[in-house]
There are 2 protein chains.
Amino acid sequence: MINLPSDEDLMDLSDLFKLFGDSTRLRILYVLHEGEMNVSDISDTLEMNQSAVSHQLKQLRINKLVNARREGKSMYYSLADEHVHTIISMGMEHILEE
Amino acid sequence: MINLPSDEDLMDLSDLFKLFGDSTRLRILYVLHEGEMNVSDISDTLEMNQSAVSHQLKQLRINKLVNARREGKSMYYSLADEHVHTIISMGMEHILEE
DNA sequence: GTTATATATGAACAGTTATTCATATGTGCA
DNA sequence: TGCACATATGAATAACTGTTCATATATAAC
């Protein structure tokens, strides 16, 4: 007999991985791995539309992959969790191996 | 200055994570973590359409997350890579923590 | 208050994707 | 060869998702 996680956990888990399944969000996570950064600097660094960045940051925030803090007019984002780095590293190992 | 992976690597990486971003494929991977299994048994275990399972297995195979071998009329699938297990475990830790 | 800057948000559109159905291919056996 | 079983595949559909544009909200300085 096979011991599957509950449907709820499976949904949560696939929702989590969906976040990593987009190269834009991966780029944002890579940038934040260097340290916290505000929205305009992220947009400039990645040469992306501010609105697109903001939409993606919202998803990352809701799913607790990043933290946000306000400083004056700016919002600074940072990685929330060491798992983020581990998951990306494992994935990178996989694709680079062969 | 930030050291981003190449665009190609980022695409490969997001494509890899997309595979984990679907609860059907996660269920298949969980089942295969118990050991190799053929397509009909996977379909029965997960109460899924045979065609749907086959389509998903094809994606997993193309992306080298599973191996396939034929035995008579049946095709037996198994996990291809220890990274699969590590990635899922890290994800599960993340969602269960809080 | 007004204005400028920074970020967030809603709606719309285009592109992608999982599932289903029907059918094809492959294998074993009589 | 013919038939049954196992799996794969192509097309169609429905649902989802990322980006853009326009605009709203928030903060600071005046």
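Below, read A as the first sequence line, B as the second, and so on, with proteins coming before strands; counting in each chain starts at 1.
Remark: B/Arg70 is not in phosphate contact with D/dT7, judged by side-chain N or O atoms under 4.0 Å from OP1 or OP2. A/Gln56 has a side-chain polar atom (N or O) that falls below the 4.0 Å cut-off from OP1 or OP2 of D/dT19.
Across all strands shown, B/Tyr77 has heavy atoms under 4.0 Å from sugar-phosphate atoms exclusively, and none from any base. Backbone-only engagement by B/Ser74 is indicated by non-hydrogen atom pairs under 4.0 Å involving sugar-phosphate atoms exclusively. Backbone-only engagement by A/Gln59 is indicated by non-hydrogen atom pairs under 4.0 Å involving sugar-phosphate atoms exclusively.
Distance A/Lys58 NZ to D/dA26 P: 13 Å, rounded to the nearest Å. Rounded to an integer number of Å, the gap from A/Lys18 NZ to C/dT16 P is 18 Å. Between the CD atom of A/Gln50 and the P atom of D/dT19 there is a distance of 13 Å, rounded to whole Å. Rounded to whole Å, atom P of C/dT16 lies 16 Å from atom CZ of B/Arg25. Rounded to a whole Å, the CD1 atom of B/Ile28 is 13 Å from the P atom of D/dT7. Computed from coordinates, the A/Asp41 CG to C/dT5 P distance equals 16 Å when rounded to whole Å. The separation between A/Leu57 atom CG and C/dT7 atom P is 10 Å, rounded to whole Å. B/Asn49 places its CG atom 15 Å from the C1' atom of D/dA12, with the value rounded to the nearest Å.
Between the side chain of B/Arg61 and the backbone N or O of B/Asn63, no donor-acceptor pair lies under 3.5 Å.
Between A/His33 and A/His85, the ring planes lie parallel to each other; the angle is under 30°, not in the 30° to 60° tilted range.
A residue-by-residue look at A/Glu71 and A/His55 shows that A/His55 has its nearest nucleotide of DNA chain D further toward the 5' end.
Contact check for A/Glu36 versus A/Asn67: no side-chain heavy atoms found under the 4.5 Å cut-off. Two residues are said to be in side-chain contact when any heavy atoms from C-beta on lie closer than 4.5 Å; A/Leu19 and A/Gln59 meet this criterion. Put simply, the side chain of B/Ser14 does not reach to within 4.5 Å of the side chain of A/Phe20, judged on heavy atoms.
The base of D/dC5 is not paired with the side chain of B/Ser40 by any donor and acceptor separated by under 3.5 Å. For D/dT19, its base never sits under 3.5 Å from the side chain of A/Thr24 at any donor and acceptor pair.
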